[in-house]
Amino acid sequence: MAEITPQQEKQLLQAALDVQDLAYAPYSHYHVGAAILLGDGSIAAGCNVENAAYPVGICAERAAASIAVSSGQREFVAIAVVTPNGGTPCGMCRQFLSEFNPELPVYAYNGDGILVHKLPLNDLLLHAFGPKALESVD
Ligand code: THU
């Protein structure tokens, strides 16, 4: 797995912790913050935003990734995710992130900032469906 520097790791964790505080999760009370290190060195951060119509809510990882792409950055270098218990990104988020970097290093922390999982996205999403799958279709 491609490594980031300890300093970058620290910055990403802090950005994820900061944005976790902004989570809007009145239904699950499961606050999530995600921070993506981008190719230009900047960081895109997002939190989960729930909705009274439950399925309409969005996860922190997809919020962060959407902010990155909307700022013109599609090169995803690493992602830090902070949840209360060190949970890993959900299946939908794995697929969403894989579009931009199937080997994205994923750092999952608990609410105390303790690293619980560190692994490449392709370990979390085997044989992912990606853009190439659509190339041979007319
Ligand atoms: N959630 C995330 O933000 N990221 C994940 O990968 C897992 C789940 C959110 C969605 C929902 O707001 C809450 O956590 C409980 O599922």
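Whatever order the structure lists ligands and atoms in, that order sets their numbers, starting from 1.
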Checking heavy atoms under 4.0 Å, the part of S28 that sits near ligand 1 is side chain
Atom 3 (O) of ligand 1 has as its nearest protein heavy atom A60 N, 2.9 Å
Original post:
Is the shortest N/O to N/O distance between C90 and ligand 1 below 3.5 Å?
Top reply: yes
| same_hphob_cluster(L126, F129) at 4.5 Å side-chain heavy-atom cutoff | no
* With a cut-off of 6.0 Å (strictly less than), are more than 12 heavy atoms of other residues, nucleotides or ligands near CE of M1? -> yes
Per-atom filter on ligand 1: closer than 4.0 angstrom to a heavy atom of E61 are 2 (C), 3 (O), 4 (N), 5 (C), 6 (O)
### Query
Between V77 and I79, is there a shared hydrophobic cluster once you connect ILVMFWY residues whose side-chain heavy atoms come closer than 4.5 Å?
no
**Asked** Would one find an N or O of C59, backbone or side chain, under 3.5 Å from an N or O of ligand 1?
**Response** no
If you scan protein heavy atoms around atom 9 (C) of ligand 1, the nearest is N48 ND2, 3.5 Å
| With a 4.0 Å cut-off, strictly under, does atom 12 (O) of ligand 1 pick up any protein heavy atom? | yes
**Prompt:** Hey, mind stepping through E3 and K118 against salt bridge (charged side-chain N to carboxylate O under 4.0 Å, His left out) and telling me if it holds?
**Reply:** CA-CA 11 Å; E3 291 292 325; K118 174 182 164 181; 3.3 Å; yes
Q) Run the side-chain contact (heavy atoms from CB on, under 4.5 Å) check on V81 and E61 step by step: do they pass? A) CA-CA 7 Å; V81 182; E61 297 89 330; 3.6 Å; yes
Under 4.0 Å from one or more heavy atoms of P89, ligand 1 contributes atoms 6 (O)
Exercise. Does one hydrophobic cluster hold both I43 and L13, with members joined at side-chain heavy-atom distances below 4.5 Å?
Worked result: yes
Do L17 and L12 share a hydrophobic cluster, counting only Ile, Leu, Val, Met, Phe, Trp and Tyr and linking them when any side-chain heavy atoms are less than 4.5 Å apart?
-> yes
Ligand 1 to E50, heavy atom cutoff 4.0 Å, flagged ligand atoms 11 (C), 12 (O), 13 (C)
